[in-house]
Amino acid sequence: MRRVQIPSGERHVLDSGSGPPIVLVHGFPLDHSMWNAQVKELAGPFRVIAPDLCGFGESPVQTGTVSMARHAQDLSDLLVALEVDQPITLCGLSMGGYIALEFWHHFRHQLAALILCDTRAAADTVEVLDRRFRMADIVLEHGTTAVSDAMIPQLFAPRTLEEHPLIVDQLRQVIARADPEGVAAALRGMAARRDMTGRLSEIEQPVLLIVGAEDAITPVEEMRSMAAALPAGRLSVIADAGHMAPMERPEEVNAAIVEFLESQQDR
Ligand code: MLT
């Protein structure tokens, strides 16, 4: 891991391997470690960059609201700081996917391809907005256990919850370590994000969409609609996985990613 200075502060980032760059952007309220299995597979033939986003892991917290645009700008600044001089494949899970779409909006010239995992293009419904603001207050008052208790049953497929307690526990510990201020700032940032549904048809880059067949947060049908709206979108549905497909079924997810990346190199 490296510590890198960008205009908005210091960022903790994994930078490993050489070759075409792929940037892995974690979901909420996690850190780069959710990609451990992908880093192991990809860092070698590819240069894998996996940051802790502002307010998560070991990257310092910013209070208030941290918008998706802020994260997208940070990623662009990080690429400059790491001297990445070729277009990247940007892979984001859930909140990481919101950030990836926002990155496309501002910095599409820096993008070779997108991988959108267990995410959505739509903005929050009124009910979700309300839940986010309430959760931000609860986290600031009671800590992040409230988030893991509410989220864990939603994050994993039933089979993962039953058969892979270590994976579930790893995630619980990451959430427990998260800073309540960072979590609240991200909740407010997600609440403020734009609706990208109508923009999907403008995304010219190839896009791989990955979703767990049992994702309870961003369901298969929603991602199927996204794939259909994209000029060059293809969907990979991962059996026996929920919202955390890359952690739950790493071999299947890695195979889908490698096949996609190799198909980009052949172009
Ligand atoms: C995530 O996994 O990043 C979150 O479920 C995203 C969200 O709350 O919308």
Side-chain angles (χ1 to χ4, degrees), residues 23-35 38 50-57 59 65-72 75 90-103 114-139 144 146-157 160-161 167-168 170-172 174-180 182-197 209-212 214-220 222-223 226 238 241-249 253:
V23 178
L24 305 176
V25 185
H26 63 79
F28 167 88
L30 310 176
D31 66 17
H32 76 279
S33 66
M34 63 147 286
W35 298 112
Q38 285 66 48
D52 286 344
L53 296 171
C54 170
F56 293 100
S59 290
T65 302
V66 178
S67 66
M68 301 302 103
R70 164 81 274 146
H71 287 303
L75 289 180
L90 183 54
C91 170
L93 179 128
S94 201
M95 181 179 77
Y98 310 157
I99 296 166
L101 289 172
E102 188 69 22
F103 187 94
L114 280 171
I115 303 177
L116 301 175
C117 305
D118 301 278
T119 192
R120 61 166 47 90
D124 286 344
T125 60
V126 176
E127 290 77 23
V128 174
L129 282 178
D130 184 51
R131 215 183 309 141
R132 289 207 199 279
F133 290 120
R134 269 188 291 124
M135 183 57 84
D137 291 342
I138 291 171
V139 167
T144 55
V147 185
S148 53
D149 288 348
M151 283 189 83
I152 296 260
Q154 298 274 307
L155 288 175
F156 295 106
T160 310
L161 289 168
I167 295 177
V168 177
Q170 182 195 338
L171 208 81
R172 196 185 296 282
V174 172
I175 299 177
R177 283 196 299 271
D179 187 304
V183 171
L187 283 163
R188 297 191 197 102
M190 285 192 285
R193 75 186 190 279
R194 71 181 87 224
D195 190 332
M196 293 295 288
T197 313
L209 299 100
I210 295 176
V211 64
E214 295 167 53
D215 188 332
I217 297 178
T218 49
V220 173
E222 190 162 354
M223 292 206 71
M226 285 175 74
I238 308 295
H243 191 61
M244 297 307 301
M247 290 179 77
E248 297 178 78
R249 296 282 152 208
V253 169

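FYI, side chains are in, hydrogens and waters are out, and symmetry mates aren't considered; it's all heavy atoms of this structure. Whatever order the structure lists them in is the order used to number ligands and atoms, beginning at 1.
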L30 versus I175: any side-chain heavy-atom pair under 4.5 Å? yes
Does the side chain of F156 reach to within under 4.5 Å of the side chain of I167, using non-hydrogen atoms? yes
So what's ligand 1 close to, N/O to N/O, under 3.5 Å?
| residue | atom | partner | partner atom | Å |
| --- | --- | --- | --- | --- |
| ligand 1 | 2 (O) | S94 | OG | 3.0 |
| ligand 1 | 2 (O) | H243 | NE2 | 2.9 |
| ligand 1 | 3 (O) | F28 | N | 2.7 |
| ligand 1 | 3 (O) | S94 | OG | 3.1 |
| ligand 1 | 3 (O) | M95 | N | 2.9 |
| ligand 1 | 5 (O) | S94 | OG | 3.4 |
| ligand 1 | 5 (O) | H243 | NE2 | 3.4 |
| ligand 1 | 8 (O) | R132 | NH1 | 2.9 |
| ligand 1 | 9 (O) | Y98 | OH | 2.5 |
| ligand 1 | 9 (O) | R132 | NH2 | 2.7 |

Once you round to the nearest 0.5 Å, how far does CG of L187 lie from CG of D137? 10.0 Å
Using modelled atom types and a 3.5 Å cut-off, is there a donor and acceptor pairing between side-chain atoms of H26 and backbone atoms of L53? yes
Side-chain donor/acceptor of D31 to backbone N/O of V174, under 3.5 Å: no
Salt bridge (Lys or Arg N to Asp or Glu O under 4.0 Å) partners of E214, counting only residues at least two apart: none
